[in-house]
Amino acid sequence: MVGFESAVAAVVAALGPGEVASYGEVAAEAGYPGAARAVGNFLRRTTEPVPWWRVVAASGRLAPGAAAEQRRRLEAEGVVFTESGRVAPRATPTARGDRWPTASGN
DNA sequence: CCCCTGACTAGAA
DNA sequence: TTTCTAGCCAGGG
């Protein structure tokens with residue numbers, strides 16, 4: 001199996017503009033189901049050119065420490081936010097190919 | 001091998 | 001809505 005970090009980096013790098021995945025989704029997709037915390041820990045300390053802002057908590061919460069920047073980047077890609085400052089679960093006015101804790105194909 | 005940290009998650013208060 | 005608790009996992013000391 002590939003290294004944990006490499007696998008995670010690959011999955012995150014595979015996310016396209018407007019696509020949002022949860023830490024748990026990324027972990028599972030990388031081949032480490034349940035390692036959501038490890039994913040977050042990796043994304044916070046990595047310097048690799050991965051779109052970390054496209055990875056949020058399963059509840060739609062943003063990263064504590066870069067929430068402002070993360071939200072700004074996501075909105076720039078068309079991601080809709082709630083009044084609570086959380087990512088819209090799925091239904092969006094423009095309804096498009098978002099990604100959420102459900103599908104994992106691709 | 002043991003212990004601790006953390007951008008997690010689900011559920012209970 | 002927010003805060004806490006317990007469970008999970010990979011990494012590092």
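Reckoned from all heavy atoms, side chains included, excluding hydrogens, waters and symmetry mates. Keep in mind that what you see is a predicted model, and the values were worked out from it rather than measured. The chains referred to below are lettered A, B, ... by the order of the sequence lines, with proteins before strands, and numbering in each begins at 1.
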- Query: B/dA7 P sits how many Å from A/W52 CH2, rounded?
  - Reply: 13 Å

- Can you tell if the side chain of A/F81 reaches within under 4.5 Å of the side chain of A/R86, non-hydrogen atoms only? no

- Query: Are the side chains of A/V8 and A/Y32 in touch, meaning some heavy atoms are under 4.5 Å apart?
  - Reply: no

- To the nearest angstrom, the CD-P distance between A/E25 and C/dC8 comes to 20 Å

- Message: Is the shortest side-chain heavy-atom distance between A/R37 and A/F42 below 4.5 Å?
- Response: no

- Query: So do the side chains of A/V39 and A/V12 get within less than 4.5 Å of each other, counting heavy atoms only?
  - Reply: no

- Task: Using a strict cut-off of less than 4.0 Å between a Lys/Arg side-chain nitrogen and an Asp/Glu carboxylate oxygen, indicate whether A/E77 and A/R73 qualify as a salt bridge.
- Result: no

Shorter than 3.5 Å, N or O on both sides, protein versus nucleotides 11-13 of chain C: list them out with atom names.
none

- Euclidean distance, A/E5 CD relative to A/R45 CZ, rounded to 0.5 Å: 5.5 Å

Kindly give the atom pairs (protein nitrogen or oxygen, nucleotide nitrogen or oxygen) under 3.5 Å for nucleotides 1-5 of chain C.
{"unit_1": "C/dT1", "atom_1": "OP2", "unit_2": "A/S84", "atom_2": "OG", "d": "3.4"}
{"unit_1": "C/dT2", "atom_1": "OP2", "unit_2": "A/R61", "atom_2": "NH2", "d": "3.2"}

- Query: When all nucleic acid strands are considered with a 4.0 Å heavy-atom cut-off, which category describes A/A36: base, sugar-phosphate, or nothing?
  - Reply: sugar-phosphate

- Hey, are the side chains of A/V87 and A/T82 touching, using non-hydrogen atoms and a 4.5 Å cut-off? no

- Message: Mind checking if A/G24 touches a base, just sugar-phosphate, or nothing, with heavy atoms under 4.0 Å?
- Response: sugar-phosphate

- Report yes if some heavy atom in the side chain of A/R54 is under 4.5 Å from a heavy atom in the side chain of A/P17; otherwise report no. yes

- Message: What is the separation between atom CZ on A/R37 and atom C1' on C/dC9, rounded to the nearest whole Å?
- Response: 8 Å

- Nearest to the side chain of A/Y32, which nucleotide is it out of C/dA10, B/dA7, B/dT9? C/dA10

- Message: Whole angstroms only, please: what is the CG-C1' distance between A/L15 and B/dA7?
- Response: 15 Å

- Query: Base, sugar-phosphate, or nothing for A/A63, non-hydrogen atoms under 4.0 angstrom?
  - Reply: base

- Query: Is A/Q70 reaching over with its side chain to a backbone N or O of A/A67, donor-acceptor style, under 3.5 angstrom?
  - Reply: no

- Out of B/dA10, C/dA10, B/dA7, minimum distance to the side chain of A/R44 belongs to B/dA7

